Amino acid sequence: MKMYRGFTKMPHVQYIHTEASESLCGVKLEVNKYQYLLTGRIFDGKVYIGLCNFVERWDQLTISQRKGLNYRYHLGCNCKIKTCYYPPCFVSSKNECVWTDMAASFGYPGHQTKHYACIRQKGGSCSWYRGWAPPDKTIINATDP
């Protein structure tokens, strides 16, 4: 229905490819029943998704995730998300946000994934932002983690 990234590599997507079974990391979608947010990769002119990608029914996304897609996530394009598997974890540069859902929720989308966005702040550092109003600037000054 809508593409958020990848226009230069794949301007039009007609088919999504995945493996035939979950044991091979394939994803089962209920086509024509639900809309989905899909992340994946482009290889040899085709779009592929698998169990390691973010695949979620659109109606199961939180309000923060939907607003993030439309208003916030693009503000974090210069930020890097560093996965924390075992705390304590620390950022190694000012353009990093530490993602702790992997440690706290065993990789399942947790509170941070569902309610925050890694955004570049004033001063150039990146941090987690949770806000309700769409930002109207390219850089946000937020004190909420």
Side-chain angles (χ1 to χ4, degrees), residues 1-85 89 91-142 144-145:
M1 303 291 289
K2 183 175 182 180
M3 270 179 63
Y4 291 95
R5 291 183 61 190
F7 302 107
T8 55
K9 292 182 181 180
M10 195 86 180
H12 303 289
V13 176
Q14 187 172 3
Y15 299 103
I16 305 288
H17 300 269
T18 192
E19 293 297 331
S21 69
E22 289 181 7
S23 64
L24 298 172
C25 296
V27 176
K28 293 188 185 228
L29 303 174
E30 295 183 67
V31 181
N32 297 323
K33 186 174 182 183
Y34 298 107
Q35 293 181 5
Y36 293 88
L37 173 63
L38 305 171
T39 64
R41 67 189 184 288
I42 298 171
F43 179 74
D44 201 23
K46 297 176 183 175
V47 177
Y48 293 90
I49 62 170
L51 289 178
C52 291
N53 299 113
F54 187 81
V55 176
E56 186 68 68
R57 282 184 16 199
W58 186 260
D59 63 345
Q60 298 295 311
L61 295 174
T62 65
I63 292 171
S64 294
Q65 288 171 316
R66 289 185 207 167
K67 285 188 179 217
L69 285 163
N70 290 311
Y71 302 110
R72 294 188 191 103
Y73 294 160
H74 73 281
L75 299 175
C77 288
N78 293 324
C79 298
K80 304 245 185 256
I81 296 177
K82 182 178 179 179
T83 304
C84 175
Y85 296 100
C89 300
V91 295
S92 54
S93 68
K94 69 178 192 174
N95 72 327
E96 288 182 347
C97 292
V98 176
W99 181 55
T100 57
D101 278 359
M102 186 63 79
S105 305
F106 304 104
Y108 190 75
H111 191 75
Q112 204 173 25
T113 300
K114 292 179 181 179
H115 301 289
Y116 288 85
C118 180
I119 302 292
R120 188 177 198 99
Q121 309 295 322
K122 285 187 178 178
S125 63
C126 296
S127 65
W128 293 106
Y129 170 78
R130 179 181 182 169
W132 297 103
D136 58 352
K137 298 179 182 178
T138 58
I139 298 175
I140 297 172
N141 184 15
D144 196 7

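Note that these values count all heavy atoms, side chains included, but never hydrogens, waters or copies made by symmetry. Small disclaimer: the values here were computed from a predicted structure and weren't measured. Numbers here simply count residues along the sequence, with the first being 1.
In this structure, the side chains of E56 and K114 stay at 4.5 Å or more apart for every pair of heavy atoms. For the pair V27 and L51, the minimum side-chain heavy-atom distance is below 4.5 Å. The side-chain heavy atoms of Q65 and T113, taken from C-beta on, include a pair separated by under 4.5 Å.
Here CG of L29 is found 11.0 Å from CZ of R57. Values are rounded to the nearest 0.5 Å. How far NZ of K82 is from SG of C89: 7.0 Å, rounded to the nearest 0.5 Å. The distance from atom CZ of R120 to atom OG of S127, rounded to the nearest 0.5 Å, is 11.5 Å. Between the CH2 atom in W99 and the OH atom in Y85 there is a gap of 7.5 Å [rounded to 0.5 Å]. In this structure, CD1 in I119 is found 11.0 Å from CG in N78, a value given to the nearest 0.5 Å. One finds the CZ atom of F54 at 10.0 Å from the CG atom of L38 (value rounded to the nearest 0.5 Å).
The two residues Y36 and E30 make their nearest non-hydrogen contact at OH-N, 2.8 Å. Taking both residues in full, the closest heavy atoms of Q112 and T100 are given as OE1-N, 2.7 Å, listed atom of the first, atom of the second, then distance. Counting all heavy atoms, side chain and backbone alike, H115 lies closest to T62 at CE1-CG2, 4.1 Å. Nearest approach of V98 to W128, heavy atoms of both residues: O-NE1, 2.9 Å. The nearest pair of heavy atoms linking L61 to R66 is O-NH2, 3.4 Å. Minimum heavy-atom separation, S64 to Y73: O-OH, 4.2 Å.
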Show the numbers, then the answer: is there a side-chain contact (heavy atoms from CB on, under 4.5 Å) between I49 and T39?
CA-CA 7 Å; I49 62 170; T39 64; over 6 Å; no

Step by step, work out the disulfide (SG to SG under 2.5 Å) result for C79 and C126.
CA-CA 6 Å; C79 298; C126 296; 2.0 Å; yes

Apply the test side-chain contact (heavy atoms from CB on, under 4.5 Å) to residues H111 and R130: give CA-CA distance (whole Å), side-chain angles for both, the deciding distance (0.1 Å), then the verdict.
CA-CA 11 Å; H111 191 75; R130 179 181 182 169; 3.6 Å; yes

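Sorted by first and then second residue, the side-chain hydrogen bond (donor to acceptor under 3.5 Å, both in side chains) pairs involving residues 16-28 (not counting sequence neighbours) are S21-S23.
Scored by the side chain to side chain donor-acceptor pair (under 3.5 Å) test, N53 finds no partners at all (sequence neighbours excluded). C25 is linked by a disulfide bond (SG atoms under 2.5 Å apart) to nothing, counting only residues two or more places apart in sequence or in another chain.
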